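Inspection log for the structure reproduced underneath, given as C-alpha cells.
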Amino acid sequence: MSVERAEVDRIAALARLRLESSEGEALTADMNRILQHVDRLQGAVAQGAEEEPDASAEEADTFSGSLNGTPAGRLLGVRDGGADSPDPLTSAISDFAPDLREGFFVVPPPHGVGSSSSTGG
C-alpha cells in the first residue's frame, strides 16, 4: 500500500493545512515509509499465525524478516493467538476502576480541598 502526492494534498486540505511543495514531498515519503512498515508487521504477524500450534512462545514472537536493513527480533506487544491470559482491554471498566459512578471514574479531590473542616455560610 502507498499514498500519492495528490492524496497527501487532499488530506492536508481536509485538515486545513497549508503545505509547501517540499513539505508535501517529505510527508508523502514519510507516510509511504510508515505504510511499508505496517505491511511488514502485518506480514510478520501472519507468518507467526501460520506456525505450528506447539511452537514455543519465544518462537511465536519472532520472525526472520528485517526492518530497515537490520535483523528483526521479537515483536513486542504482539500477542500470540493462543495466549493463556485474557486481554485486559476486553475487561469491563468496573473490573478495575476503584470508584465508578454512572459510567465515569470518580477521582477524589486533592488533599485539603473539600475537607469537612471548611467553614461556610
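Given the structure is predicted, the values throughout are model-derived calculations rather than measurements.
Q36 contributes no side-chain N or O that, together with a main-chain N or O of R33, makes up a donor-acceptor pair within less than 3.5 Å. A donor-acceptor pair under 3.5 Å is absent between the side-chain atoms of D99 and the main chain of F105, judged by distance alone. The closest donor-acceptor contact from the side chain of N32 to the backbone of V3 lies under 3.5 Å. E7 places a side-chain N or O within 3.5 Å of a backbone atom of E4 that can act as its donor or acceptor partner.
Atom CZ of R10 is surrounded by 12 or fewer heavy atoms from other residues, nucleotides or ligands within 6.0 Å.
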(message) Let's go through I34 and H37 carefully: what are the C-alpha distance in whole Å and the side-chain angles of both, what is the deciding distance for side-chain contact (heavy atoms from CB on, under 4.5 Å) to 0.1 Å, and is it a yes or a no?
(response) CA-CA 5 Å; I34 291 168; H37 183 71; 5.7 Å; no
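Interatomic distance, CG of L17 versus CD of E23, reported as 9.5 Å (0.5 Å rounding). Rounded to the nearest 0.5 Å, atoms CG (L19) and CD (E25) are 10.5 Å apart. Note that OG of S22 is 11.0 Å distant from CG of L27, once rounded to the nearest 0.5 Å.
M1 and M31 fall within a single hydrophobic cluster, where Ile, Leu, Val, Met, Phe, Trp and Tyr are joined by side-chain heavy atoms under 4.5 Å apart, directly or via other members.
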